[in-house]
Amino acid sequence: MVEHAEIRMVHRGGSKINFREPVITNDSRFLLCAAGESVNVYSTSTEEYVHDLQGHTDLVTGVVLNPSNHLQVYSCSADGTVRLWDFTDAILIKVLLQQHSLPKSVLITGTNKPHKDSLHDSIFDISGMKKGAKNAFTCVSCHPKEDCIATGHEDGKIRMWRNFNQKKEYTYSTLHWHHGAVNTLCFTPEGTNLLSGGIESVLVHWHYTQENQKDFLPRLGAAITHIAVSPDGSLFSTSHSDNKITIIQSCVKVSAVIQGLVKGDGVWTNLIIDPRSKALVLNGKPGHLQFYSLHRDKQLYNLEIVQQEYIHEEGLDQFEVVNAAFDARGNWLATVEERRKKGAELEITLKLWAYDELTQSFVLNTTVTAPHEDQITAMFFSPSPETTMLVTTSLDGHFKAWLLADHSDANAEGFWACDFVGGYHLLKPGCCSFSADGSLLSVGFQEVVTVWSPASWELLTTLSQPPGAIRDLCFGRLSCSKYLLGASTKNQLCCWNLLTCSLEWSTPMDVSLLQADPLSENMAAFCSQSGSSDLFVFKPSEPRPLYSQKALCTGKVQHAVFAPRDQMLESCEERTQWLNRSQLYFFTQHMLMVDDSVAVTPFYLLLGKHRGQQLEKQEALTNPMLLHTPAHVLPSASFLCAMFVRSLLISSSSASLGSGCATQGHSETCPEANPVFSWLCA
């Protein structure tokens, strides 16, 4: 007997690790940083993720070491709590609520703030200097031993203010190297040096007693947003705008790089899974694709696509990677680059990359300049094992099939060439999809769905549907391979039977994203309404949804992908079987999320793994948490066995109640209770 499985949405990764200044432990072994709702712990020597400190229910806004215990750390959060942790074992020690008075050391340690009265008076005077100049404050750091405050300014200057705590008038001197705003300042523990960083990606090392003397550590890759120094001064860390933390040995050399998920101006390539590494692939830093491990929450590597120097200057028109696709075996990668200049035609480049076993990366094989005369709207490889084919659709009114041509030299690698150009009544194709075996290709030409045979390029049929341009097409899989689904701009989700070439069913739904699980018959549809997104999981052949969840997240789900599990689950619950082989990842404006499942067995309940519920009802608990109880105080095995056997029994009243709707207690999955999927109950 297994109780109802629980499906939950969890934050899987991709948080900003550069959101706040990190801290380095006293022994310089670990670096701790705020990462979404948790605190991540990394090794400074291997740059590997060690574990995280979980417990906050909202964004972590600060992390600071406990001055009284070098093995503990405080974290504060937007959830209104300050938590004290043993960071080596990831154990929560104490929770301080917002209404309680907090220890002053929690607030002051690590910030080096001067006396509040002198600061108030002095800042009042400082703000009056050179009105209208670009001298707005951007950052501040206090000398650990002397009466000196360093301030960074928008004009790139650093001002050293002295004599704040003296009755005589304060003085200041100016240091200037940065051509942009000074983003961050930090004194070393002894106060002998001042570190500064900005958009130049250079760590500037100022000598405190010789202000004109400075050293540089250049080419750090991205703008510096925060600087931290270990308590003994042996390690520095710089946080960067590309969600990266660099660990530096005393301003001499970079010893480690902790790279988080890079979030640029947008994700244009959708979310893709690399068939080889199972990594998530999407846009990274400008002109690159990033390969990101979902299980380790770590970037594996960057692949430079554009292969041009990126100039960090506003207003410049530069190439961007806007589309990418893998073939089924991960041997080939196709990318599309675009650049649109003001008053000029759109520049498009299609590149085909071959996987190189020697370098364990992709190597450029073919470059096609101007593959289409207008923007490419979709791109997919054929899953057929008999041919290596790529299809692209474009707003120029055509779709093209590209084949890997055989090379005359047996030792040389083949190249790609266009094999077929298709169209339909001068309409513009917006999407396409291959059937699971590659025998059919569907192309959406505005309001018309066409089905083609890639073997002969014969137009097999056209499919009718309610008004509205088709914006997404998706073939069914496995036992549902005879179905083709399409979402239209007129808020319709349609399902065609390819054996009868007729419309099987349709329903009014504003589907913003349609995603098929490559390992099952399941499909996920995301609907955006009232400022949030709903999720529906279904099979094209089934009369009701497998799972639905209203208001899954705030905002619009931008991209989604099914990722294969490392190990298949064995859930027998119907509403969670769709997660047995794959996990559904989706990308919102703020973070990467995953829908996951937990089978709640009697063992699960008996061993007290509902820790979240137990924390809320700690005083009302009657069942012991056996895994955290010393063996010598546990009840006898016979007593525990009797408890377990009783938990397997079903009372007659429960049995009679359970004879009704199978999803009773889960109204969001019961078709009778869900008007959005009422069409499936017919």
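- The local environment of CD in Gln360 is crowded, with over 12 non-hydrogen atoms from other residues, nucleotides or ligands closer than 6.0 Å.
- The distance between the ring centers of Phe326 and Phe362 falls below 6.0 angstrom.
- Side-chain contact of Ser502 with Trp496: a donor-acceptor pair under 3.5 Å is absent, judged by distance alone.
- In Leu499, the CG atom is crowded: over 12 heavy atoms of neighbouring residues, nucleotides or ligands sit closer than 6.0 Å.
- Using a 4.0 Å cut-off between charged side-chain N and carboxylate O, Arg340 and Glu347 make no salt bridge.
- Within a 6.0 Å sphere centred on CZ of Arg339, other residues, nucleotides and ligands contribute more than 12 heavy atoms.
- Between Phe434 and Pro454 the shortest side-chain heavy-atom distance falls below 4.5 Å.
- Contact annotation: the side chain of Val306 never approaches that of Thr349 to less than 4.5 Å [non-hydrogen atoms, C-beta and beyond].
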- Check the pair Asp510, Lys556 against salt bridge (Lys or Arg N to Asp or Glu O under 4.0 Å), reporting the backbone distance first and the verdict last. CA-CA 12 Å; Asp510 184 14; Lys556 184 178 180 180; over 6 Å; no
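- Salt bridge absent: Asp517 and Arg565 never bring a charged side-chain N and a carboxylate O closer than 4.0 Å.
- More than 12 heavy atoms of other residues, nucleotides or ligands lie within 6.0 Å of CD in Glu357, so this atom counts as buried by the packing criterion.
- Annotation: side chain of Phe475 is not in contact with side chain of Asp437 (no heavy-atom distance under 4.5 Å).
- Judged by the 6.0 Å and 45° rule, Arg276 forms a cation-pi pair with Tyr355.
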- Item | Derivation of the side chain to side chain contact (heavy atoms under 4.5 Å, CB included) call for Leu427 and Val448 | CA-CA 9 Å; Leu427 297 177; Val448 180; 4.1 Å; yes
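- Within a 6.0 Å sphere centred on NZ of Lys400, other residues, nucleotides and ligands contribute more than 12 heavy atoms.
- Judged purely by distance below 3.5 Å, without hydrogens or angles, the side chains of His372 and Asp396 pair a donor atom with an acceptor atom.
- Within the 6.0 Å centre-distance limit, the rings of Trp578 and Tyr547 are counted as a close aromatic pair.
- For the residue pair Gln259/Asn243, the side-chain donor-acceptor check at 3.5 Å is not satisfied.
- Trp353 pairs with exactly one of Asn365, Thr335, Thr366 by the side chain to side chain donor-acceptor pair (under 3.5 Å) rule, that one being Thr335.
- Of all non-hydrogen atoms in Leu484 and Cys474, the two that sit nearest each other are CD1-O, 3.6 Å.
- A donor and an acceptor atom, one from each side chain of Thr377 and Thr393, are located under 3.5 Å apart.
- Sorted by first and then second residue, the side chain to side chain donor-acceptor pair (under 3.5 Å) pairs involving residues 472-483 (not counting sequence neighbours) are Ser479-Glu521.
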